[in-house]
Amino acid sequence: ALKNGEADSSAYLSNENLSLVDSDNFRIIESPLPRVFGIFFNQNRSAVLLDDSARAALSAAIDRDALIETALSGYGVPIFAPILGDINGLKSENGTDDAVASSSIERARNILIEGGWTQNSLGIWSKEIDNVETTLSITVRTSNTPLFGAILDAVVADWKEVGIDVSAEQFEQTGLVQSVIRPRDFQALLFGLDMSRSYDLYPFWHSSQKDDPGLNIGQYTNLSVDGLLETARTTQDKQERLRIFEEASAIITAESPAVFLFQPNFTYVVSNRVTMPTIDNVGKPSDRFSNTLEWHTKSDTLWPVFQDDM
């Protein structure tokens, strides 16, 4: 329909089709969605994940820019914390400095060495945890959709390059929710969280939400974070609320309960003959219609004398 001139705009085009868009007649509008894609750890199911250096290395090893390019054709923003940049005026410096942003295989290996892990001639990492010699091995569970499959392939490749023994299991969406997420039956879960435009961290990181049907899927527990998120829900000052979220995010990021990967971009193809203002603060795809009263394809010049009379 776009190619034949039967439609002026469309969302939900695949990344492959987006690459075929005729730039002479159409433009692609991008806007970050308030969604967090990451790998959430269940430390209750893995001795390895109880180790701070192991979790930090798992995060450092992933080249987020390369992952976004291969899995999303570049339509995403790398993230390193539970807080999202520029959502509802919120900007975070947490986890975006050069040291963190330079995720690399070498940096991950250095973290493991500093954390007391040793690598044998076969490339296997091990460490004594609670008086038990433990191998750095992890199983990731996720959905069997093409998107999650592509993300998983990139993650597994990076981890294996570090020397981490990683296996993957994919499930139908219903099975993933019922058999894995609800009973918290996983070591690591590759999943996406919809933060919505209200941007409340409470449902995802407060300890009261760690069991089903709560959304704290990694069962993260920190009393300081609990207190901050409770305070954020009662304050009437928006800027103070955002400051509290930043403080809570810094604590969560430092403890590495998850590997934060990226924030996906919403993409919208629009004909060049359609004039429309910028789409801001998109919480869901349908928000692209929030300013349709200002869209137009034609315009006429009105003499100033008539403008004054209006």
Side-chain angles (χ1 to χ4, degrees), residues 32-46 49-52 55-56 58-59 64 76-97 100-101 177 180-264 280-284 287:
L33 288 169
R35 296 174 185 171
V36 171
F37 278 71
I39 302 168
F40 300 86
F41 299 140
N42 187 345
Q43 298 177 40
N44 298 322
R45 298 295 179 98
S46 171
L49 294 176
L50 289 171
D51 185 80
D52 294 344
R55 298 194 309 277
L58 287 167
S59 178
R64 289 160 175 79
V77 180
I79 58 174
F80 300 86
I83 213 169
L84 299 180
D86 298 330
I87 295 295
N88 288 347
L90 183 61
K91 277 194 174 183
S92 174
E93 300 297 331
N94 300 325
T96 57
D97 56 83
V100 176
V177 172
V180 177
I181 297 177
R182 294 190 68 178
R184 310 303 196 236
D185 184 17
F186 61 88
Q187 293 181 352
L189 175 70
L190 172 57
F191 198 61
L193 302 177
D194 188 345
M195 307 295 289
S196 82
R197 284 184 299 177
S198 63
Y199 202 79
D200 187 1
L201 295 177
Y202 185 102
F204 309 102
W205 299 105
H206 194 278
S207 62
S208 67
Q209 306 300 304
K210 67 181 181 179
D211 296 319
D212 185 66
L215 297 176
N216 181 357
I217 52 181
Q219 298 189 304
Y220 176 76
T221 301
N222 183 294
L223 293 180
S224 296
V225 171
D226 282 354
L228 289 168
L229 298 185
E230 290 163 9
T231 301
R233 280 198 155 187
T234 58
T235 183
Q236 300 300 310
D237 187 310
K238 180 179 179 180
Q239 292 305 314
E240 175 63 11
R241 184 169 181 260
L242 299 182
R243 185 200 65 77
I244 293 171
F245 280 151
E246 289 182 333
E247 186 176 347
S249 175
I251 297 172
I252 295 169
T253 303
E255 294 192 333
S256 303
V259 176
F260 303 102
L261 295 174
F262 64 85
Q263 176 183 356
D280 294 318
N281 199 20
V282 175
K284 55 185 183 296
D287 288 341

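- Nearest heavy-atom pair, Asn42 versus Phe186, reported as atom, atom and distance to 0.1 Å: CB-O, 3.0 Å.
- Scanning all heavy atoms of the two residues, the minimum distance from Val77 to Pro32 falls at CG2-CG, 4.5 Å.
- The two residues Ala232 and Phe245 make their nearest non-hydrogen contact at CB-CE2, 3.8 Å.
- Side-chain contact check for Leu58 versus Phe41: some heavy-atom pair is nearer than 4.5 Å.
- Every residue two or more places apart in sequence or in another chain that forms a salt bridge (charged side-chain N to carboxylate O under 4.0 Å, His left out) with Asp51 is listed here: Lys127.
- To the nearest 0.5 Å, atoms CH2 (Trp205) and OG (Ser249) are separated by 9.0 Å.
- Ring pair Phe37/Phe262 is parallel by interplanar angle, where below 30° counts as parallel and above 60° as perpendicular.
- Leu229 contributes atom CG, which lies 7.5 Å from atom CG of Asp200 (distance to the nearest 0.5 angstrom).
- Of the possible polar contacts, none joining the Asp212 side chain to the Pro183 backbone as a donor-acceptor pair under 3.5 Å is found.
- To the nearest 0.5 Å, the span separating OG1 on Thr221 from NE2 on His206 amounts to 10.0 Å.
- Considering all non-hydrogen atoms of both residues, Phe80 and Thr253 come closest at O-CG2, 3.5 Å.
- Minimum interatomic distance between Asn222 and Ile251 (heavy atoms only, all atoms of both residues): ND2-CG2, 3.8 Å.
- Looking at Arg184, Gln219, Arg182 one by one, the single match for side-chain hydrogen bond (donor to acceptor under 3.5 Å, both in side chains) with Asp211 turns out to be Gln219.
- Within the model, atoms OG of Ser208 and CG of Asp226 stand 7.0 Å from one another, a figure rounded to the nearest 0.5 Å.
- Salt bridge status for Glu240 with Arg243: present, with a side-chain N to carboxylate O gap under 4.0 Å.
- Taken from CZ in Arg64 to CG in Leu261, the straight-line distance is 6.0 Å, to the nearest 0.5 Å.
- For Arg55, the salt bridge (charged side-chain N to carboxylate O under 4.0 Å, His left out) criterion is met by Asp52, not counting sequence neighbours.
- Using a distance-only test at 3.5 Å, with no hydrogens or angles considered, no donor-acceptor pair links the side chain of Ser46 to the main chain of Gln43.
- How far CD of Gln263 is from CZ of Arg35: 10.5 Å, rounded to the nearest 0.5 Å.
- Checking Ile181, Val177, Ile39 one by one against Phe191, the side-chain contact (heavy atoms from CB on, under 4.5 Å) holds for a single residue, Ile181.
- Residues Gln209 and Leu215 are not in side-chain contact: their nearest non-hydrogen atoms beyond the backbone lie 4.5 Å or more apart.
- Nearest heavy-atom pair, Pro82 versus Val36, reported as atom, atom and distance to 0.1 Å: O-CG2, 4.1 Å.
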